[in-house]
Amino acid sequence: MNLSLSDEQEFLREAARGALSRFDTIAAAREALEGGELPDLWPTASEAGWAGLLVCEEHGGAGLHPFDAMLVLVECGRVLAPVPLIGHLPASWLLDRGGYADIEAVASGAKRAVLVPAQPPSDLSDLWTWEAEAGKARVPAGDTTQVAHWVVDAPGAEVFVVVGPGGAVSVVEGASVESAARYDATRSLGHVSLVGGTSTRLDVDPADAANAWHLAQTLIAAESVGTVETCLEMAVAYAKERFTFGRAIGSYQAMKHQLVEILRVLENSRSLLYYAGWAGESKPEEFALAASAARSVSGRALDSATRINIAVHGGIGATWEHDGPLFFRRAQLSRRLLGGTGAATDRVAGELLSSAGA
Amino acid sequence: MNLSLSDEQEFLREAARGALSRFDTIAAAREALEGGELPDLWPTASEAGWAGLLVCEEHGGAGLHPFDAMLVLVECGRVLAPVPLIGHLPASWLLDRGGYADIEAVASGAKRAVLVPAQPPSDLSDLWTWEAEAGKARVPAGDTTQVAHWVVDAPGAEVFVVVGPGGAVSVVEGASVESAARYDATRSLGHVSLVGGTSTRLDVDPADAANAWHLAQTLIAAESVGTVETCLEMAVAYAKERFTFGRAIGSYQAMKHQLVEILRVLENSRSLLYYAGWAGESKPEEFALAASAARSVSGRALDSATRINIAVHGGIGATWEHDGPLFFRRAQLSRRLLGGTGAATDRVAGELLSSAGA
Amino acid sequence: MDLNDTPEQAAYRIQVREWLGEHREEAPPLRAPEGDEEAYLAARRTWQGKLAEGGLAGVVWPKELGGQGLGPIEQVIVNQEIGDAGVPGILDVIGVGMLGPTLIAHGSDEQKNRHLGPMLHGDEVWCQLFSEPAAGSDLAGVQSRAKLGDDGRWTLNGQKVWTTNAQFSSYGLLLARTDADVPKHKGLSMFIVDMNAPGVTTRGLRQISGEAEFNEVFFDDVVLEGDAVVGGVGNGWGTALTTLMFERLTIGLGSEGLGYRADRFAAPIAADPNARVDPDVRKRLGEIAADLLALRFTAYRTLTALQGGQIPGPESALAKVTTVNAAIAATDLIADVVGPEALDESSEWAYAISFLPGLKSAGGTEEILRNTVGERVLGLPPEPRLDKGIPFSELRAKERSATA
Amino acid sequence: MDLNDTPEQAAYRIQVREWLGEHREEAPPLRAPEGDEEAYLAARRTWQGKLAEGGLAGVVWPKELGGQGLGPIEQVIVNQEIGDAGVPGILDVIGVGMLGPTLIAHGSDEQKNRHLGPMLHGDEVWCQLFSEPAAGSDLAGVQSRAKLGDDGRWTLNGQKVWTTNAQFSSYGLLLARTDADVPKHKGLSMFIVDMNAPGVTTRGLRQISGEAEFNEVFFDDVVLEGDAVVGGVGNGWGTALTTLMFERLTIGLGSEGLGYRADRFAAPIAADPNARVDPDVRKRLGEIAADLLALRFTAYRTLTALQGGQIPGPESALAKVTTVNAAIAATDLIADVVGPEALDESSEWAYAISFLPGLKSAGGTEEILRNTVGERVLGLPPEPRLDKGIPFSELRAKERSATA
């Protein structure tokens, strides 16, 4: 038994951190709220080989596993880097399995792909569903519905890997995207209209379509873990240097215990990334459970960490110039995308109840 | 505007505290867990006039209001006194309104009554329902179902005021009761079989049957408030006298803030007793909302206060000889009776959603 | 138990209602029309003047100082009637509610005569210059320095923060350190500062939402006359406590839940047929709503106490904790129900979601409020104080060395 | 990332499994048959002896002291195989896991030779006599007093509490104060105490559930020989820290979640057709289950660290916080779903609901654990200590006067 990172994984992580550090992504996140341009990190991602991370080697990819992709996403999350991997990676993985002709262009990053994901059936419903435009219900995937809402990383993608009714997967080129930025300017988001695009059926199993959904869950979970890491570091540093009533505020139990609470949920989230990574590679029958658990715990961690970070900083933490609000904005939107933290939590329960009922 | 207690109310409260102090009800609560006898407080209650508190004066009662009854229940809750008023008072109120012949015996306490309550319809369901024997569902009131489960204060009652289908109210004499004590020996509880009893229809409106349900909610809420008061007093006293690392534990923020949290939810609960009392007397259209809110907040306060009380006492607070566990047992059972805290919370939402939707 | 007016209160209420009926046409709208803030402010000042003339401002101020000499219940009646009439109240709530009463308690006759009239009539708006970047929870740690010159005038340097209304205030009440060589509570004095004096700079402080809800104010060699001191040199802490007591009173008399009412949160959920029958949504809404409903009667209890001559204690701060946390939970719920559209910048919910994290710390962090209530209401022992009796100058040096 | 054994580990696992296959018929049942505790204890002792002979006890103890000289992974392999075989493990987990290793580290050769063998084989069970009624979180505040007589023997007086297994232990490792006139951490010594000596009284301490999970132990003029001291007079605190380190290690290697597994909690909910589709129930179950699932991989991460030669730090205590709080939430949920029947005294859920509030404080309160992790892992400054450098006797006097 050994959960240490391999040398290659350590290298992947360090390289990601290094590559992203060449941009001031956090300052860009603030400026983008007022219409500033975000840096285009896709050339960096392509160069680093992230675009083909999950594409097999014979198709020009790196042939790596979900856990390796998560390591990159953690680094993106740490600095709010807008790299459209949550859309691209699961899409590339499906394209690779389905024998997509131009897969090498996808693996190299020359063509950017995006998953138009559908939530797979659960113990409560045998429908595949898309995000509704608004409101608590979800809508049946594809067919009559021709617009998929709130698709992560859709703006700027060329190849749309669309999961439709029954988990059928199609490649659509020429779909039109209405950009739909909300609250967190670093989160690329769009409504995808499939009317007018050309659609080709991709030969993959619905089980793969389900795994693409779960893979996206693990990636957004990993990204959240990175953001939580930064919030904890910021808050701890401030708690050591800010004094009140003659003591560093981090010496007060009310502060200390909240900071430890971030650490607790961060450690739990990290453990579940390992679980999801292991299941994704070696235990496919537990991947839905593991990915959903990772999303659930890290999603809640993201919410509480970004709030505690602001509270530890007192009034100043809620001001525009401070970085805390940028992480808070990230959390508020993230937890409501891709089914939201809530759907992932529900799936954890559903998986367990199905097993217990069997 | 004046929410102070009247002189009569102050007197009622002091008298209740005095009368109950003649019994060591807390010690009795512990002994009863091992089969000891609980003191019979009904003679005391009758003598004090509590049995007829809500019966009008011409029928031998005191003609008082829900808020006055709550004041007595707060005192009962403070010392875990097993006075069967949650069953008797709403029953007596319905009997009085319905012109029950022997009402004076009920008002004097010579005949003890009990409400076999039904939860009134909500925005989700137009059924009147009884508690299920087990499980999350509720069962339709009366008719085919001939056994009402988990009826508070049923053991020892003579007159059963049964709310059945459509909120119809009947007086049943000769029902048989299977005692069903669980976990908290001070809580009189029984399964009531109506087979074999003689049933007489009582001429009251279904709206009164609904108000009897809400009245029971306010009484169990008031009882909870009393229990929370005692827990706060116990925990604060201990936090002042127990030292660790050279300081009283109440000086540590982690302790102090938990104790203040009890105070916070206690104050909110108290305010809602006023709301329920005021609505019960002067604003009938808000009584369902007010009673449900009081039950919801005080039920949650009861749960957290009994837990914090144990935690503040450290290991010793979880031992048999300590009083903390007796209050904890009270909370664990109470919050699952009369629809539970959950049904009350749901009704708060339902009332608001109905108004908002109208 | 009675929520009705006494006959005297009912008569007063009618009188107030009649005045409002006669004058409501003269009132500006409740909110500023887009892009017209200057003119709107002027209209609000004028309206405050009319309210003052009608006896609807400074209700609890003594008659001889331009007020009505009435009690807190009458103040609440005025607030309620103004609310029901759909017109704005006074513009300068901070001045009339907290700073004026401080001047009344501690100011000299000259200060009262000069300042109270224009304050009451909205001719001169006031702001409260207490908090600093390094002195929020620990207010007695203010570092703004006022130095007494040989000519009897003071020179003020320093920075204040979280200052509401500073951008259009004429005067501010400012807490400054006048002696750094005594323990921190003892070296403070309170000053009246002309906000238009040379050396005063005001800068809007933007919040998460992007709006500037507060200001920073900078003082560079600002000259204050000798008679600018309120309540005596070295007595600043005691004077500040008076202001804070009136702050609690203003909050205690405020409308329930800072406008975060249960029914407001229920509306968007009622509109979604899936959400309104979802047990999880209903549980969350029910818990939030029950908490907020409690606050309505907490306010009535506070009023009852006031009527009995009691001053609301620090426990009234718990209502703020309940309000803010319930509002956070409510806006979270609504965003869960509505989805990303609730996070559109134009949505009222996005604004509340942005505003609430800052509100958690405004007026004292939740942690400090809980400390205060634990000590003053429950009688729990305080934490050990490391700064007791130590001269302020040494304290700062200690901190600097600890973080170096 | 690999959850599989290395070839060496796999070979060891097969060896262990074969031994268990050969001997499992000799094992007693997992739980005592009703009313037959005495005989069951004897059977568990015998079984521990067999495990020791087979090399399945004291896996990490040095070979020369009867152990196997292997690493923590091998210990986990043994634990896993014993679990899979459905047989009980060793009876004296506290002795073999924590107290034996303390003796190995700090004991004299005579102490090791006399005690380690019978401990390992279950012939003499040990208990840990550290906590006292007034010294729980603040362990260094123990008041049990050992006085050195002129004859070189010690006389022990005092009371211990929360002592597991005391009722059938032969020996205990006891922390006592031997000098009250020095600061509290410095006046402590560790002793081996014969639990059958005159003056030792053990009393079961009943919990909320009514069961006696722990004991109180009283010492009245108990005589200890001079060679009963472990690790030197005045060095008791250092010796105790060793025990606590092994305690953390034992917990870190323990099975996930103290037996509170997600699937166990899902079963009664799956059985209720209304509950299993209720969004609120599902959300609560999903959150609880996800937290508990995390702990499984937290344990694997701890093992990975151990294999790399690292000792688990205080952050492993956070797993206990997660476990206890998730278990409380789970039993709450189940009682909400099942109703009052779940609170019947015979129900496993009623037992867990009763047991868990005490578990919250067992092994250190949640507050103390969070302090420790905050300071030792996050590097946050400690709270000011009022007891630093003050002789123990003066400390007690100060407390008494404060509460008088």
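A quick note: this is a predicted structure, and the numbers were derived from the prediction, not measured. Chain letters run A, B, ... following the sequence lines, proteins first, then strands; residues in each count from 1.
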>> For Ala362(D), is there any backbone N or O sitting under 3.5 Å from a side-chain donor or acceptor partner on Lys320(D)?
In response: yes
> If we ignore angles and hydrogens, is there a donor and acceptor under 3.5 Å between the side chains of Asn215(D) and Lys160(D)?
Replying inline: no
> For Gln258(B) and Glu367(D), does a side-chain donor sit closer than 3.5 Å to a side-chain acceptor?
Replying inline: yes
Under 4.5 Å from a heavy atom of chain B, the part of [X] involved:
X	answer
Gln207(D)	both
Leu343(D)	both
Ala271(D)	neither
Glu211(D)	neither
Asp278(D)	side chain
Leu139(D)	neither
Val161(D)	neither
Pro133(D)	backbone
Asp344(D)	both
Ile328(D)	side chain

>> Could you go through Arg347(B) and Asp123(B), starting from their C-alpha distance and side-chain angles, then the distance that decides it, and tell me whether this counts as salt bridge (charged side-chain N to carboxylate O under 4.0 Å, His left out)?
In response: CA-CA 8 Å; Arg347(B) 188 168 295 269; Asp123(B) 63 320; over 6 Å; no
> Charged N to carboxylate O below 4.0 Å: is that the case for Asp303(B) and Arg307(B)?
Replying inline: yes
>> Taking the ring centre of each residue, are Trp130(B) and His149(B) less than 6.0 Å apart?
In response: no
